[in-house]
*Asks:* 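There's a structure below that I have some questions on.
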Amino acid sequence: MHVGIRAALTAATVAGLVAAGVVVAAQASAGQAKTPAVPAQARAVLAAGDGWGSAGAGTTGGSAADDAHVFVVRTRDELAAAVAGSTPKIVLVAATIDANEGRGCADYADPEYDLQAFLTAYAPATWGRVAPTGPLEDARARSAKNQGLKVKIEVGANTTIYGLRNARIKGGNLLLTNVNNVIIRNVAFEDAYDCFPAWSPTDGDTGNWNSLYDSVTLSGATNVWLDHNSFTDGANQDVNQPIHLGRPYQVHDGAADIIKGSDYVTVSYNNLFEHDKTMLIGSTNTPGADVGKLRVSLHHNRFADVGQRAPRVRFGQVDVYNNYYYATDEDTFVYAIGVGVQSQVYAENNFVLRSADTPLNAFVYNWGGTRMTERGTLARVGTGPVVAVNLLDEYNAAFDPDIATDAGWTPALRAGLDPAASVPGLVTRDAGTGKLPG
Ligand code: CA
Ligand code: CA
């Protein structure tokens, strides 16, 4: 079934890869389709000991793919077909892929859906603070379903998705649902927007708009490595959205969310920027599939002017080390590390660059957690002096109840702990797309 979407790299691209020394397999014989060239990094596996993703069976993705299961994709449908199923496969993204395929929100809207009518019908002053029901909400849900059929792309087990030069997935939501062994590297994810946000009148004090799509969602996924990707809202920034029903019309959900009993995940060298709800680890306070799971390592990631959830954690033993928190936009900053129910965050040798209006006591936030280890953080304001700080102590000094200062575990799986002072340089140099051979 994949034959139709197999495509060989252009000769020029192959020549470039050969010149760069990254081609491990490139052959072409007369009368046969070329075997796609595979950058060596696209065959890589997560190194032993590199975070929670290396636990259990380890994370090898599609590294065992045979030549017939190396795909070069340039469209939404090619991507969706190539990543399906559990046969080991390497999927090389070779273009900007628009998951909406050029459709605008009007193209998904159900004939009975009308935003202005929706706003009139469910205005709290008349409808009350209860969940919307009835024909307009039903029409919204049908519209959302139309968009979901396009933008949601299910990724099968034993898959590596690797971005070639300038690879981008725009508006898409890769879903890793109850699958194991997936690697995603060197892909620029941008603006997974929801055309039909849901109105949640009891979310917060005055209600909120909530959206469905993350760029990447791990739901019951085990052994996953997200590495050297970027995540951003791009040109579709939240600040430019209207206010509806008195609240910002939030068309985005997470950048990369890790929920529903997902486990053994390493998130390394990603550049996450200009996005609000960045990384949710655990989506419910109700103990269930998450207990004893949600073990995630985050290292050498750049969190730059993100609003919150960097990450927000429930239940999991989550190791947060050598990350660069670049928090210079006090207007969008909410908090960085969310300490939720039964979470055990261990944060070490992170670096915070902040504006003077982003207080040190705002980096940790208590979402019902009781314990956290935090050590080795350095911080500075702008180009001011670099000072040793303890973000957890700052939180505890300013707020109650306090969070106990021992997460109750010590990370054993690390790729190596760098001094916090070197984090801005290392992460700026190495994190995000375009740093691996493409
Ligand atoms: Ca989500
Ligand atoms: Ca206190």
*Asks:* Backbone N or O of V267 within a donor-acceptor pair of the N301 side chain at under 3.5 Å?
*Replies:* yes
*Asks:* Would a distance-only check, ignoring hydrogens and angles, find a side-chain to backbone donor-acceptor pair under 3.5 Å from Q250 to H252?
*Replies:* yes
*Asks:* Identify the heavy atoms of A144 and Y213 that sit nearest to each other, and give their distance.
*Replies:* O-OH, 3.3 Å
*Asks:* Before you tell me yes or no, could you show the steps for D98 and K170 under salt bridge (charged side-chain N to carboxylate O under 4.0 Å, His left out), namely the whole-Å CA-CA distance, both residues' side-chain angles and the distance that decides it to 0.1 Å?
*Replies:* CA-CA 5 Å; D98 172 11; K170 210 176 161 186; over 6 Å; no
*Asks:* Closer than 3.5 angstrom, by distance alone: can the side chain of T373 be matched with the main-chain N or O of Y346 as a donor-acceptor pair?
*Replies:* no
*Asks:* Check the side chains of N236 and E190 for a donor-acceptor pair under 3.5 angstrom, ignoring hydrogens and angles.
*Replies:* no
*Asks:* Please enumerate all residues that pass side-chain hydrogen bond (donor to acceptor under 3.5 Å, both in side chains) together with T217, with sequence neighbours excluded.
*Replies:* N173, D214
*Asks:* Can you check whether A188's main-chain N or O pairs, donor with acceptor, with R168's side chain at less than 3.5 Å?
*Replies:* no
*Asks:* Hey, could you give me the NZ/CD distance between K152 and Q147, rounded to the nearest 0.5 Å?
*Replies:* 10.0 Å
*Asks:* Return the minimal non-hydrogen interatomic distance between D263 and G292, and the atom names on each side.
*Replies:* OD2-O, 4.3 Å
*Asks:* For Y264, which residues count as a ring pair (Phe, Tyr, Trp, His ring centres under 6.0 Å) partner, sequence neighbours excluded?
*Replies:* none
*Asks:* Assess the side chains of D253 and N210: does a donor N or O sit below 3.5 Å from an acceptor N or O?
*Replies:* no
*Asks:* Enumerate the ring-ring contact (aromatic ring centres under 6.0 Å, His included) contacts for residues 409-438, please, sequence neighbours excluded, ordered by first and then second residue.
*Replies:* W52-W409
*Asks:* Please test L360 against L391 for side chain to side chain contact (heavy atoms under 4.5 Å, CB included), starting from the C-alpha separation and ending with a verdict.
*Replies:* CA-CA 6 Å; L360 284 171; L391 303 173; 3.8 Å; yes
*Asks:* Would you say that W367 contacts V341 through its side chain, given a criterion of any heavy-atom pair below 4.5 Å between the two side chains?
*Replies:* no
*Asks:* I need the minimum non-hydrogen distance between P242 and H244, along with the two atoms involved.
*Replies:* CG-NE2, 3.5 Å
*Asks:* Could you go through residues 417-431 and list every donor-acceptor pair under 3.5 Å that involves a side-chain atom there, pairing it with any protein atom two or more places apart or in another chain?
*Replies:*
residue: D418; atom: OD2; partner: H300; partner atom: NE2; Å: 2.7
residue: S422; atom: OG; partner: P419; partner atom: O; Å: 2.8
residue: T428; atom: OG1; partner: P424; partner atom: O; Å: 2.6

*Asks:* At what distance, to the nearest 0.5 angstrom, does CD1 of I169 lie from CD1 of I97?
*Replies:* 5.5 Å
*Asks:* Checking K89 against T159: is there a side-chain donor and acceptor pair closer than 3.5 Å?
*Replies:* yes
*Asks:* Nearest 0.5 angstrom please: L413 CG to S54 OG, how far?
*Replies:* 4.5 Å
*Asks:* Tell me whether the guanidinium CZ or amine NZ of R302 lies under 6.0 angstrom from the six-membered ring centre of Y326 and within 45° of its axis.
*Replies:* yes
*Asks:* Does the S262 side chain pair with the main chain of L218, one donor and one acceptor, at a distance under 3.5 Å?
*Replies:* yes
*Asks:* Can you run down the salt bridge (Lys or Arg N to Asp or Glu O under 4.0 Å) pairs that involve residues 179-189, sequence neighbours left out, and say none if there aren't any?
*Replies:* R185-D227
*Asks:* How many angstroms lie between CG in L294 and OG in S343, if you round to the nearest 0.5 Å?
*Replies:* 10.5 Å
*Asks:* Are the side chains of Y113 and F196 in contact, using a 4.5 Å heavy-atom criterion?
*Replies:* yes
*Asks:* Do the side chain of D357 and the main chain of E330 share a donor and acceptor less than 3.5 angstrom apart?
*Replies:* no
*Asks:* Looking at R380 and L353, what are the two nearest heavy atoms and their distance?
*Replies:* CG-CD1, 3.2 Å
*Asks:* Apply side chain to side chain donor-acceptor pair (under 3.5 Å) to N180 and N223, showing your working.
*Replies:* CA-CA 6 Å; N180 68 308; N223 284 113; 5.8 Å; no
*Asks:* Verify, without hydrogens or angle tests, whether N323 (side chain) and L298 (backbone) share a donor-acceptor contact under 3.5 angstrom.
*Replies:* yes
*Asks:* Atom SG in C105, atom CG in N100: separation rounded to 0.5 Å?
*Replies:* 7.5 Å
*Asks:* Side chain to side chain contact (heavy atoms under 4.5 Å, CB included) between N181 and T59: does it pass, once the steps are laid out?
*Replies:* CA-CA 5 Å; N181 197 29; T59 304; 4.0 Å; yes
*Asks:* Just to verify, what does W199 make a ring pair (Phe, Tyr, Trp, His ring centres under 6.0 Å) with, not counting sequence neighbours?
*Replies:* W209
*Asks:* With distance as the sole test, does Q344 use its side chain to make a donor-acceptor pair with the main-chain N or O of A407 at under 3.5 Å?
*Replies:* yes
*Asks:* Distance alone, cut at 3.5 Å: any donor-acceptor contact between the side chains of Q308 and T278?
*Replies:* no
*Asks:* For R314, what residues pass the side-chain hydrogen bond (donor to acceptor under 3.5 Å, both in side chains) criterion, not counting sequence neighbours?
*Replies:* N285
*Asks:* Can you list every pair that meets ring-ring contact (aromatic ring centres under 6.0 Å, His included) and has a residue in residues 170-195, with sequence neighbours left out?
*Replies:* F189-F231
*Asks:* I need the minimum non-hydrogen distance between V151 and A99, along with the two atoms involved.
*Replies:* CA-CB, 4.0 Å
*Asks:* Look at the rings of Y395 and Y365 and say which category their plane angle falls in: under 30° parallel, 30 to 60° tilted, over 60° perpendicular.
*Replies:* perpendicular
*Asks:* Does anything in residues 229-238 pair up under salt bridge (Lys or Arg N to Asp or Glu O under 4.0 Å), and if so which pairs, sequence neighbours excluded?
*Replies:* none
*Asks:* What are the two closest non-hydrogen atoms of I90 and A65, and how far apart are they?
*Replies:* N-CB, 3.9 Å
*Asks:* Side chains of Y325 and R354: closer than 4.5 Å at any heavy-atom pair?
*Replies:* no
*Asks:* Going by atom types alone, do T328 and D305 pair a side-chain donor with an acceptor below 3.5 Å?
*Replies:* yes
*Asks:* By side-chain hydrogen bond (donor to acceptor under 3.5 Å, both in side chains), which residues pair with R414, not counting sequence neighbours?
*Replies:* D319, E348
*Asks:* Looking at R142 and E112, does any basic side-chain N land under 4.0 Å from a carboxylate oxygen?
*Replies:* yes
*Asks:* Between N229 and N186, is a side chain to side chain donor-acceptor pair (under 3.5 Å) present by the stated rule, with each step listed?
*Replies:* CA-CA 5 Å; N229 304 290; N186 206 36; over 6 Å; no
*Asks:* Could you tell me whether a side-chain N or O of T60 sits under 3.5 Å from a main-chain N or O of V45, the two making a donor and an acceptor?
*Replies:* no
*Asks:* Go through it in stages, so that I can follow the logic: the residues are V83 and I153, the test is side chain to side chain contact (heavy atoms under 4.5 Å, CB included), and I'd like the CA-CA distance, side-chain angles, deciding distance and then a yes or no.
*Replies:* CA-CA 8 Å; V83 299; I153 295 172; 3.9 Å; yes
*Asks:* Among V73, L174, I183, L92, which residue meets the side-chain contact (heavy atoms from CB on, under 4.5 Å) test with I161?
*Replies:* L174
*Asks:* Closer than 3.5 angstrom, by distance alone: can the side chain of T75 be matched with the main-chain N or O of E78 as a donor-acceptor pair?
*Replies:* yes
*Asks:* Mind checking ring pair (Phe, Tyr, Trp, His ring centres under 6.0 Å) for H228 and listing every partner two or more places apart, or none if nothing turns up?
*Replies:* Y269
*Asks:* What residues form a ring pair (Phe, Tyr, Trp, His ring centres under 6.0 Å) with Y108, not counting sequence neighbours?
*Replies:* none
*Asks:* Supply the atom-to-atom distance Q237 CD to D276 CG, rounded to the nearest 0.5 angstrom.
*Replies:* 10.5 Å
